[in-house]
Amino acid sequence: MRIARFSIDGNVAFGAVEGDSPDSLVLDIIKGIPYADFELSGTKVPLKKVRLLPPVLPNKVVAIGRNYAEHAAELGNEVPDVPVAFFKPTTSVIGSGDSIEYPSFSEELHHEAELAVVIGRMCREVPRARVKDVIFGYTCANDVTARDVQRRESQWARAKGFDTSCPLGPWVETDLDPGNLAIQATVNGEQRQLGRTSDMVRSVEDLVVHISEAMTLLPGDVILTGTPAGVGPLHVGDEVAVTIEGIGTLTNKVIKRG
């Protein structure tokens, strides 16, 4: 099931996305919240008449760096012995169709297409056999990075945590095997990244186990699983799209920070 979060006439709701053709997609409004048992209301609105919001409002976004060997190599890095984890704040999260604001303190902005894992229940120290039980679903993400700042500063908080640096969307797909999905990024229609989640050094299960050893994960929290090779520059006016097999396409335009 595809679960979207949207606004219409000033109201915010969750809905199940129905249909196959982009022009005929509709949202069946959900009663309650999607992390618990819920019912579909039967009230349906065309997707084209709503504004898509970030599909979740995470308490935290835990991101993993250098989880694809070719991406680590393209930036002159080794694959780390243990996962490199960092946070992106909630203020970095935007939805599909929202604008990425080019930060004033950077001159080298990069796209990073990633599979995002959405947690569905509160959990800690999750055993590998139960990882699937705590996952709500998956969505597309763009770990937008101020690469020049990342090189200058040993901590990545500013380079990867600035406002609008974490586009998520367009919705959460709850019925998906993340093991071998095609993932790509295009800029102005030109393909920049193309990889498969099977190339990840550490799997989704590995990452959930590793992260939950240290911290409690809450419903709606997001784990970013790393990016394949091909990262590159973004400029004001560019339109960047992240597409993941079985999920959909997350699209954002880069604008000058106001």
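From a predicted model like this one, the values you see are computed outputs, not experimental measurements.
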Do the side chain of Thr164 and the main chain of Ser92 share a donor and acceptor less than 3.5 angstrom apart?
no

Shared ILVMFWY cluster between Phe162 and Val93, side chains joined below 4.5 angstrom?
no

Answer yes if Leu207 and Ile119 sit in the same cluster of Ile, Leu, Val, Met, Phe, Trp and Tyr residues linked by side chain heavy atoms under 4.5 Å apart, and no otherwise.
yes

Tell me whether Lys132 is salt-bridged to Glu205, with the criterion being a basic N under 4.0 Å from an acidic carboxylate O.
no

How would you list, by chain and number, every residue that makes a side chain to side chain contact (heavy atoms under 4.5 Å, CB included) with Arg158, sequence neighbours excluded?
Phe105, Val149, Glu153

So Arg66 and Glu78, salt bridge (Lys or Arg N to Asp or Glu O under 4.0 Å) or not? Walk me through it.
CA-CA 8 Å; Arg66 302 170 187 169; Glu78 299 289 335; over 6 Å; no

Under 3.5 Å, which donor-acceptor pairs link side chains of residues 169-178 to any protein atom two or more places apart or in another chain?
residue	atom	partner	partner atom	Å
Trp171	NE1	Ile247	O	2.9
Glu173	OE2	Met1	N	3.1
Glu173	OE2	Asp175	N	3.0
Thr174	OG1	Met1	N	3.1
Thr174	OG1	Met1	O	3.0
Asp177	OD1	Gly179	N	3.0

Backbone of Val126 reached by a side-chain donor or acceptor of Ser212 within 3.5 Å:
yes

Side chain to side chain donor-acceptor pair (under 3.5 Å) with Gln193: of Glu114, His111, Gln184, His71, only one passes, and it is His111

Tightest non-hydrogen contact, residues Val254 and His235, listed as CB-O, 3.4 Å

Is the shortest distance from a Lys or Arg side-chain nitrogen in Lys253 or Asp238 to a carboxylate oxygen in the other one below 4.0 Å?
no

Rounded to the nearest 0.5 angstrom, the OG1-CG distance for Thr197 and Leu115 is 6.5 Å

Residues, nucleotides or ligands: over 12 heavy atoms within 6.0 Å of Arg130 CZ:
no

Can Ile211 be reached from Val79 by stepping across I, L, V, M, F, W or Y side chains whose heavy atoms are under 4.5 Å apart?
no

Of all the heavy-atom pairs spanning Tyr102 and Arg257, show the shortest one and how long it is.
O-CB, 3.1 Å

Is a salt bridge present between Glu18 and Lys44, judged by a nitrogen-to-oxygen distance below 4.0 Å?
yes

Please check if Ile223 and Phe136 belong to a single hydrophobic cluster, counting links between Ile, Leu, Val, Met, Phe, Trp and Tyr side chain heavy atoms closer than 4.5 Å.
no

Ser203 and Arg128: which non-hydrogen atoms are nearest, and at how many Å?
OG-NH1, 4.2 Å

Would the number of heavy atoms belonging to other residues, nucleotides or ligands and lying under 6.0 Å from CD of Glu70 be above 12?
no

Which atom names give the shortest non-hydrogen contact between Ala141 and Leu168, and what distance separates them?
CB-CD2, 3.6 Å

Is the count of non-hydrogen atoms from other residues, nucleotides or ligands lying under 6.0 Å from Glu74 atom CD greater than 12?
yes

Using side chain to side chain contact (heavy atoms under 4.5 Å, CB included) as the criterion, list what pairs up with Pro167, not counting sequence neighbours.
Ile94, Ile100, Asn142, Val144, Leu250, Asn252

Met122 atom CE, over 12 foreign heavy atoms within 6.0 Å
no

Pair Asp23, Lys48 - check salt bridge (Lys or Arg N to Asp or Glu O under 4.0 Å), show working.
CA-CA 7 Å; Asp23 293 331; Lys48 59 186 177 183; over 6 Å; no

Ignoring hydrogens, what is the shortest heavy-atom contact between Glu107 and Asp148? Give both atom names and the distance.
N-OD2, 2.8 Å

Could you check whether Thr145 and Lys160, counting side-chain N and O atoms only, form a donor-acceptor pair closer than 3.5 Å?
yes

Path from Val222 to Val204 over hydrophobic side-chain contacts below 4.5 Å:
no

Output yes when Arg51 and Asp98 qualify as a salt bridge under the 4.0 Å nitrogen-oxygen rule, no when they do not.
yes

Consider side chain to side chain contact (heavy atoms under 4.5 Å, CB included). Of Val118, Ile3, Val56, which one does Pro34 pass it with?
Ile3

